[in-house]
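Remarks on the structure that follows.
Heavy-atom basis, side chains included; hydrogens, waters and symmetry copies ignored.
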Amino acid sequence: MNIEPGLLSKLDPTPKTPLVSVVVPVHNEAPNLKPLISAIGAALAGIAHEIVYVDDGSADATPQILAEIAQTLPTLVRVRHKQSCGQSGAVVTGVKFAQGTYVATLDGDGQNDPSDIPTMLETMRVAEAKGPHPVLIAGHRVNRQDSSAKRYGSRLANRVRAWALKDATPDTGCGLKLFRRQAFLELPHFDHIHRFLPALFIRAGGQVISVPVRHHARAHGASHYNNWQRLKVGIVDLAGVAWLQRRWKVPQIEGHCE
């Protein structure tokens, strides 16, 4: 995608800070660190950014490799949990440590493609120009490179979520998302929040825009979740988010006096 020179910089009201912080939660992803960090740097060359890796209590060489990369990469920020708190806990930690106006989240397994982030930033610019509501740009893996069982499980989960939460999002499980840091910090936080961000942004009076993104097969390691694990926690979380939706109404501002 061709982007007008200087266009992305208009998104950032404070040029001294990064425009975007790329937050990557990882747990035992040592072989995937260098390729993904290199890909993020190449994708965001020319865009003020930082890369925030949150090591969620890894027991492999993840902390050592990140320390090695940080010696020559000043844009890399490292945070480590003393013990594993789960993907959502790592995402929340990463957003809190981030300095960028916007945050892009990526899964640490290398299946998301960071080259989609500039297009998502442009989509954000266009959407925010139309109004002040919070915007979530959500990736939609149109050509997903996963097993048939995993794809089927995700399709079923997406249909159930769409029915229960009316989040109108075809792929809530995609780890590639973009939002304003401040908008995320104002959301209620709980375990597995990363799977329900579209519903939570809508609950806050915001807008969700799904954009097609690339998806790659996992090159190293294995997924930390299976369909049964997602189902067990998903039912409880779904009920909780549905409760949150019922217990909040977005105030409609009629006027403002100084």
Side-chain angles (χ1 to χ4, degrees), residues 1-4 7-12 18-25 36 39-49 51-52 87 91 94-95 98 100-146 150-151 154-155 157-159 161-162 165-184 187 193-218:
M1 177 178 182
N2 293 324
I3 300 178
E4 175 188 336
L7 191 58
L8 290 176
S9 64
K10 297 176 184 178
L11 286 163
D12 189 3
L19 172 65
V20 59
S21 298
V22 181
V23 171
V24 188
L36 182 55
I40 294 171
L44 298 181
I47 299 174
H49 70 278
I51 306 170
V52 182
Q87 185 172 349
V91 169
V95 175
T101 303
Y102 297 90
V103 169
T105 60
L106 284 172
D107 287 340
D109 56 14
Q111 292 193 262
N112 299 138
D113 196 324
S115 64
D116 288 309
I117 296 176
T119 299
M120 298 174 82
L121 282 166
E122 171 63 7
T123 304
M124 175 70 78
R125 183 197 69 83
V126 173
E128 289 191 335
K130 298 178 180 179
H133 47 267
V135 178
L136 171 68
I137 310 298
H140 176 200
R141 298 163 292 184
V142 293
N143 186 23
R144 188 171 174 181
Q145 302 299 307
D146 276 321
K150 198 169 183 180
R151 294 197 304 270
S154 290
R155 285 198 298 269
N158 280 316
R159 288 173 183 170
R161 270 194 295 264
L165 303 180
K166 306 296 187 292
D167 60 8
T169 307
D171 188 10
T172 59
C174 180
L176 184 53
K177 294 181 174 69
L178 178 75
F179 44 80
R180 276 189 178 264
R181 176 178 179 272
Q182 187 58 41
F184 179 90
L187 298 175
I193 181 182
H194 66 283
R195 302 187 187 281
F196 296 95
L197 285 180
L200 293 173
F201 266 81
I202 292 172
R203 175 183 179 271
Q207 176 186 10
V208 179
I209 302 174
S210 293
V211 298
V213 297
R214 302 168 182 85
H215 191 248
H216 304 293
R218 178 186 264 272

Are side-chain heavy atoms of [X] and [Y] found at a separation under 4.5 Å?
X: Leu178; Y: Val103; answer: no
X: Val135; Y: Ile209; answer: yes
X: Arg125; Y: Thr123; answer: no
X: Val22; Y: Pro114; answer: no
X: His215; Y: Asn143; answer: no
X: Leu36; Y: Val24; answer: yes
X: Gln87; Y: Asp107; answer: yes
X: Leu197; Y: Thr169; answer: no

Of Ile117, Thr105, Asp171, the residue whose pairing with Leu176 passes side chain to side chain contact (heavy atoms under 4.5 Å, CB included):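 Filter result, single survivor: Ile117.
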
CA sep, side-chain torsions, deciding dist, call: Ile40, Leu106, side chain to side chain contact (heavy atoms under 4.5 Å, CB included): CA-CA 10 Å; Ile40 294 171; Leu106 284 172; 3.7 Å; yes

Evaluation steps, side-chain hydrogen bond (donor to acceptor under 3.5 Å, both in side chains), between Ser115 and Arg214: CA-CA 9 Å; Ser115 64; Arg214 302 168 182 85; 3.2 Å; yes

How many angstroms lie between [atom1] in [X] and [atom2] in [Y], if you round to the nearest 0.5 Å?
X: Met120; Y: Ile137; atom1: CE; atom2: CD1; result: 6.5 Å
X: His140; Y: Ser210; atom1: NE2; atom2: OG; result: 7.5 Å
X: Leu121; Y: Leu19; atom1: CG; atom2: CG; result: 5.5 Å
X: Leu136; Y: Leu200; atom1: CG; atom2: CG; result: 9.5 Å
X: Tyr102; Y: Gln182; atom1: OH; atom2: CD; result: 12.5 Å
X: Arg218; Y: Gln111; atom1: CZ; atom2: CD; result: 6.0 Å

Atom of [X], atom of [Y] and distance for their closest heavy-atom approach:
X: Val52; Y: Ser21; value: CG2-CB, 4.4 Å
X: Cys174; Y: Val213; value: SG-CG2, 4.1 Å
X: Val208; Y: Ala138; value: CG1-CB, 4.3 Å
X: Ala204; Y: Pro134; value: O-CG, 4.2 Å
X: Arg180; Y: Thr101; value: NH1-CG2, 3.3 Å

Any donor-acceptor N/O pair, Arg181 side chain to Val95 backbone, under 3.5 Å: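 Yes, Arg181 side chain to Val95 backbone: donor-acceptor pair under 3.5 Å.
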
Pair His216, Asp113: side-chain N/O donor-acceptor within cut-off below 3.5 Å: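 Yes, a side-chain donor-acceptor pair sits under 3.5 Å.
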
Phe179 and Phe201 aromatic ring geometry - parallel, tilted or perpendicular at 30°/60° bounds: tilted

